[in-house]
Amino acid sequence: MSTPAAATEPANLMEAVVSLAKRRGFVFPSSEIYGGLNGFFDYGPLGVELKKNIRDCWWNDMVRRRDDVVGIETSIIMHPKVWEASGHVAGFSDPLVDCKVSKNRYRADQLFWSPIVIDGTIHGYVSALENEKTTEELQAAAELFKRKKAIVGTLAPVQPKDFTEATADEVAKIPSPATGNPDLTPPRAFNMMFQTNVGAMTDASSVAYLRPETAQGMFVDFKNVVDTGRVKLPFGIAQTGKSFRNEITPRNFIFRSREFEQMEMEFFIHEDDDWAKWHRYWIDWCTGWLKSIGLPASHLSEYDHLKEKLAFYSKGTTDIMFKFPFGVQELWGIAARGNYDLGQHEKASGVPQAIFDETSKKKFVPHVIEPAVGLDRIFLATLCAGYAEEAVTDEKGNTEMRTVLRFSPRIAPVKVAILPLLKNKEVLTDRAKTLYKKLQRRYAVFYDEGGAIGRRYRRQDEIGTPWCVTIDFDTIEKPGDTFTLRERDSMAQRRVTEAELFALLEEQVY
RNA sequence: GCGGUCGUAGUUUAGUGGUAAAACUCCACUCUUCCAAAGUGGUCUCGAGGGUUCGAUUCCCUCCGACCGCACCA
């Protein structure tokens, strides 16, 4: 019998994963026959199963198996005022400045400048990018300017302003940090929300947006859920669904795309409750969940966002990071958002969002902890973590490579492959088909009778099927009606009965 | 969005201003008693559009897409 040796990571793991995803029907570029569309992807027959399994695992663990979380599904297009209240209309558009010569692009609010004032007269301008020593850099540049031009007089301290505060006249004079000459364009807004129009008329009054996150659905429907859902604090509202962001640069396959699926939950707590405790609770819960679908602890880490970088309302944000082939990147963000979102909607809509708490006899707007994760990112993480190329040595001592996706049985697109040992022996195929039909009622299973048995095993390895069941002559000729159960990772074989097979699936697939 | 590199079959890659290939994969049949066996047959290709040319997959332009870098990433 063959045995797998230690797995080796291919030189270019990302390339191997993308190639496998295409070859085996997990992920295709969108609209490929027209040349593709940057930032959009389609999920193929196996991909849609994998994605659905991840989503279902999340939903089962997050909603159905918890007493304190309920699910909803809200519309992708919402009232435009939702996005004004949430800050997305204003905050989602970053004013950007281009240097016409160097072709560098800067965020206007991170590009600082100051007039050079000597004896009360403006002699020129200096600029610098935002960092810890921006003011010092501007001052030094101003002094250098004065020395070079040999201007006599007293140099006033620089007054740093960001580029959004520059007048048109000043824009024409402020030097680009790249060239030192005034080559900058005026700030231009890039809004990342996709716009559309509702109704037949296409005018300003009909503008609507595709949601850039699903979270606002939970906030906007908060009162409806509270009034009808028999929920009490602390409790969560969850949903999964598509979101859309017009990313400037989609990158890294499905990691950052323009249409993606989120799985978000808003966990509402009493205003006096210990937010830090709940924040920690959800970080641990999410980490545990990721491990339960097969992501190795060695690839997971945490990153706490710096307090200074957080939005003013945020009490803390921790990201669960994953080691992708292209670097350690954010997988799951767990944010403590205070009661900012409900408060904003209360202000903007005029509808009170406070609830009455029977225990404390207080009326208040609840605070919230938000674990938000991208389904497509988890999908990619499971592919990257599960992909392995192994040297396999057979009985004759020949060594060859096998490609295997080591998916957890929970998320594997196919749970069991049913293989009659030989195609041309009806006793084998009949028994196999009977078992196949029986398993099919509860599990995603696959029947394959074509080609040599070894080839069929390897095909299943490559799509991550945890078990293969082979109907052989022992099944037919010996008592007990047992099959060969071949395990994907160890390639070990043992004999099991139908009852044992169902028991194994019942335990491993949940 | 800018710059660089690149785009030939499902995958990995040859090749050419004059009818486009290999390996593996995939499909069918034969055979096959446990790890990508063998045989026979078969499907599928020059990213798109325009230009130059008698003729363009090849040269030129534009677009689209991929990768890397810069910038961006609520």
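Source: prediction; values computed, not measured. For the numbers below, each heavy atom of this structure counts, side chains included, while hydrogens, waters and symmetry mates do not. Each chain gets a letter, A, B and so on, in the order the sequences are listed, and its residues count up from 1.
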Nearest-angstrom distance, [atom1] atom, [N] to [M]:
| N | M | atom1 | result |
| --- | --- | --- | --- |
| B:G51 | B:U58 | C1' | 15 Å |
| B:A71 | B:A36 | P | 49 Å |
| B:G1 | B:G42 | P | 47 Å |
| B:C46 | B:G10 | C1' | 16 Å |
| B:U8 | B:A56 | C1' | 14 Å |
| B:C60 | B:U53 | C1' | 12 Å |
| B:C44 | B:G3 | P | 40 Å |
| B:U32 | B:A66 | C1' | 43 Å |

- Query: NA contact type, A:S19, heavy-atom cut-off 4.0 Å: base, sugar-phosphate, or nothing?
  - Reply: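 Sugar-phosphate, no base atom in range.
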- Message: For A:K242, run the salt bridge (charged side-chain N to carboxylate O under 4.0 Å, His left out) check against A:E259, A:E73, A:E264 and tell me which one passes.
- Response: A:E259
Electrostatic pair [X]-[Y], nearest N-O below 4.0 angstrom:
| X | Y | value |
| --- | --- | --- |
| A:E498 | A:R431 | yes |
| A:R402 | A:E389 | no |
| A:E32 | A:K22 | yes |
| A:D472 | A:R495 | yes |
| A:R486 | A:D461 | yes |

- If you measure only the distance, is there a donor-acceptor pair under 3.5 Å linking the side chains of A:Q216 and A:S86? no
Is [X] near enough to [N] that one of its side-chain N or O atoms lies under 4.0 angstrom from OP1 or OP2?
| X | N | result |
| --- | --- | --- |
| A:R459 | B:C26 | yes |
| A:N424 | B:U30 | no |
| A:K423 | B:C29 | yes |
| A:K425 | B:U33 | no |
| A:N38 | B:C64 | no |

Does the structure show a Watson-Crick or G-U wobble partner for [N], both distances under 3.5 Å? Name it, or say none.
| N | value |
| --- | --- |
| B:G49 | B:C61 |
| B:A66 | B:U5 |
| B:C44 | none |
| B:C72 | none |
| B:U12 | B:A22 |

- Please figure out whether A:F326 or A:D461 has its closest RNA chain B nucleotide nearer the 5' end. A:D461
- Item | Most 5' of A:R23 and A:L421 on RNA chain B, judged by nearest nucleotide |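 The residue closer to the strand's 5' end, by nearest nucleotide, is A:R23.
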Whole-Å distance between [N] [atom2] and [X] [atom1]?
| X | N | atom1 | atom2 | answer |
| --- | --- | --- | --- | --- |
| A:R456 | B:U32 | CZ | P | 14 Å |
| A:Y34 | B:A66 | OH | C1' | 21 Å |
| A:F255 | B:C68 | CZ | P | 13 Å |
| A:M14 | B:A66 | CE | C1' | 12 Å |
| A:I254 | B:A66 | CD1 | C1' | 16 Å |
| A:L422 | B:A37 | CG | P | 14 Å |
| A:F253 | B:A66 | CZ | P | 11 Å |
| A:E390 | B:A36 | CD | C1' | 14 Å |

- Task: For A:F326 and A:F324, run ring-ring contact (aromatic ring centres under 6.0 Å, His included): C-alpha distance rounded to whole Å, both residues' side-chain angles, the deciding distance at 0.1 Å, then the answer.
- Result: CA-CA 5 Å; A:F326 44 86; A:F324 285 98; 5.0 Å; yes
- Query: When only distance counts, do a donor and an acceptor, one from the side chain of A:Y457 and one from the base of B:C34, lie under 3.5 Å apart?
  - Reply: yes
- Query: Is a donor-acceptor contact shorter than 3.5 angstrom present between the side chain of A:R455 and the base of B:C35?
  - Reply: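 Under the 3.5 Å cut-off, the side chain and the base do not form any donor-acceptor pair.
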- Heavy atom of residues 464-475 of chain A under 4.0 Å from RNA chain B: which residues?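 Result for residues 464-475 of chain A: A:T470, A:D472, A:F473, sorted by number.
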- Query: In terms of side-chain heavy atoms of A:I453, which of B:C34, B:A36, B:A37 is nearest?
  - Reply: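 Among the listed nucleotides, the one closest to the side chain of A:I453 is B:C34.
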- Task: With the side chain of A:E462 defined as its heavy atoms from C-beta on, choose the nearest nucleotide among B:C35, B:A36, B:C68.
- Result: B:A36
- Could you tell me how the ring of A:Y436 sits relative to the ring of A:Y447: parallel (under 30°), tilted (30 to 60°) or perpendicular (over 60°)?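 Tilted: the ring planes of A:Y436 and A:Y447 meet at 30° to 60°.
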- Message: Against the six-membered ring of A:F379, is A:K51 placed for a cation-pi contact (under 6.0 Å from the centre, within 45° of the normal)?
- Response: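 No, A:K51 does not lie over the aromatic ring of A:F379.
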